[in-house]
Enquirer: 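The structure that follows is given in the form of structure tokens.
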Amino acid sequence: MNLLEIPMGSKAAVLVLTRERPERIFEDTSGMDQSRSINLAEKFLGGIPRQSGVVPLDLAVWPEEGAACVASFPHFDVVCSRKIAQDRPSEIIVDIARLAGLRSAYAVCMESSRDWTSILAWSPKGVTRAVSLSPEGGVVEDVGKRLPFEIPFWAGKYPVRERGYQLPFHPIDLGNEALRVFFGFILEGAEDDLCVDPEEIEIPIFHCP
């Protein structure tokens, strides 16, 4: 059995839980706590999960159905699962609150096959930002103040050249920019000097019991 499907284009469902700002948080992934990682996977998946090895972050962001890539580091936890990839980010808030406790949460989900992206920033006080959009569904959710990196997209700085496209920019471009700003890596596009290489970061993969 394959541990995961190799993503074609940009596919991601990434959730980070932290008490700190998330920017470039993957720069330090030393000191992963295996026991805490297993406990977090159990809490997310339910039951006692079965670990199936480790995978690089660029593949971990889109594990196969029923699997989750989970790691607990000293300053943050990361959970990657297609269960997170909901058209309305608000639909996962209950699960996020259960995992996060007093920490904040940041999620970026996207699927290039339908040009869809969702972004969520949440704190124990509530949603800071939730946005989800695709050319087929339009803007499905748009809650909270737009984040600084979003503003150029909505302002038309990155216009779509395709005739009849239903949005002022490609959601996948916004999704990769969210990955860059939130977490310091991208799946597609031009890396900058501050980006980490997701191929060099390993995340355990777990399956449901």
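Atoms considered below: every heavy atom in the structure, side chains included; atoms not considered: hydrogens, waters and symmetry mates. Throughout, residue positions are numbered sequentially from 1 according to the sequence presented.
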Enquirer: Among residues two or more places apart or on two chains, list those pairs meeting salt bridge (charged side-chain N to carboxylate O under 4.0 Å, His left out) that have a residue in residues 167-187.
Expert: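 Those involving residues 167-187 are Glu177-Arg180, Arg180-Asp192.
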Enquirer: Counting only pairs under 3.5 Å, give me each side-chain donor-acceptor contact of residues 181-189, with atom names and distances, residues two or more places apart or in other chains.
Expert:
from: Glu188; atom 1: OE1; to: Ser10; atom 2: N; distance (Å): 3.3
from: Glu188; atom 1: OE1; to: Ser10; atom 2: OG; distance (Å): 2.6

Enquirer: Got a sec, which residues hit side chain to side chain donor-acceptor pair (under 3.5 Å) with Glu202, two or more places apart in sequence or on another chain?
Expert: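 Residues passing side chain to side chain donor-acceptor pair (under 3.5 Å) with Glu202: none at all.
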Enquirer: With sequence neighbours excluded, what pairs up with Arg129 under the side chain to side chain donor-acceptor pair (under 3.5 Å) test?
Expert: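 Only Asp142, Glu150 meet the side chain to side chain donor-acceptor pair (under 3.5 Å) criterion with Arg129.
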Enquirer: Under the side chain to side chain donor-acceptor pair (under 3.5 Å) test, which residues partner Glu23, sequence neighbours left out?
Expert: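 Result, side chain to side chain donor-acceptor pair (under 3.5 Å) vs Glu23: Arg21.
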Enquirer: Table please: side-chain donor-acceptor pairs of residues 117-127 below 3.5 Å, with sequence neighbours left out.
Expert:
from: Thr117; atom 1: OG1; to: Pro171; atom 2: O; distance (Å): 2.8
from: Ser123; atom 1: OG; to: Lys125; atom 2: N; distance (Å): 3.1

Enquirer: Mind checking side chain to side chain donor-acceptor pair (under 3.5 Å) for Ser72 and listing every partner two or more places apart, or none if nothing turns up?
Expert: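 With neighbours one apart ignored, the set is Arg36, Asp77.
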Enquirer: Under the salt bridge (charged side-chain N to carboxylate O under 4.0 Å, His left out) rule, collect the residues that match up with Arg19, sequence neighbours excluded.
Expert: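 Arg19 satisfies salt bridge (charged side-chain N to carboxylate O under 4.0 Å, His left out) with no other residue.
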Enquirer: Any ring-ring contact (aromatic ring centres under 6.0 Å, His included) involving residues 70-100? Give me the pairs, sequence neighbours left out, ordered by first then second residue.
Expert: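 Found Phe26-Phe76, Phe73-Phe76.
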Enquirer: Show the nearest heavy-atom pair for residues Cys109 and Trp116, with the distance to one decimal.
Expert: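 Scanning both residues, the minimum pair turns out to be CB-CH2, 3.6 Å.
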Enquirer: Listed by chain and number, what are the side chain to side chain contact (heavy atoms under 4.5 Å, CB included) partners of Ser30, not counting sequence neighbours?
Expert: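 Partners of Ser30 by the side chain to side chain contact (heavy atoms under 4.5 Å, CB included) criterion, ordered by chain and then number, come out as Asp28.
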Enquirer: Nearest heavy-atom pair of Gln166 and Gly164: which atoms, and what distance?
Expert: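 So the two residues come closest at NE2-O, 2.7 Å.
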Enquirer: Got Val78 and Ile25 here, is their nearest side-chain heavy-atom distance under 4.5 Å?
Expert: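 No, every pair of side-chain atoms sits at 4.5 Å or beyond.
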Enquirer: Go through the structure and list residues passing side chain to side chain contact (heavy atoms under 4.5 Å, CB included) with Glu162, not counting sequence neighbours.
Expert: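 With sequence neighbours excluded, Glu162 shows a side chain to side chain contact (heavy atoms under 4.5 Å, CB included) to Val160, Tyr165, His170, given in chain and number order.
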Enquirer: Going by the rule side chain to side chain contact (heavy atoms under 4.5 Å, CB included), which residues pair with Glu27 if we only count those two or more places apart in sequence or in a different chain?
Expert: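 For Glu27 the side chain to side chain contact (heavy atoms under 4.5 Å, CB included) partners, ignoring immediate neighbours, are Arg24, Val196.
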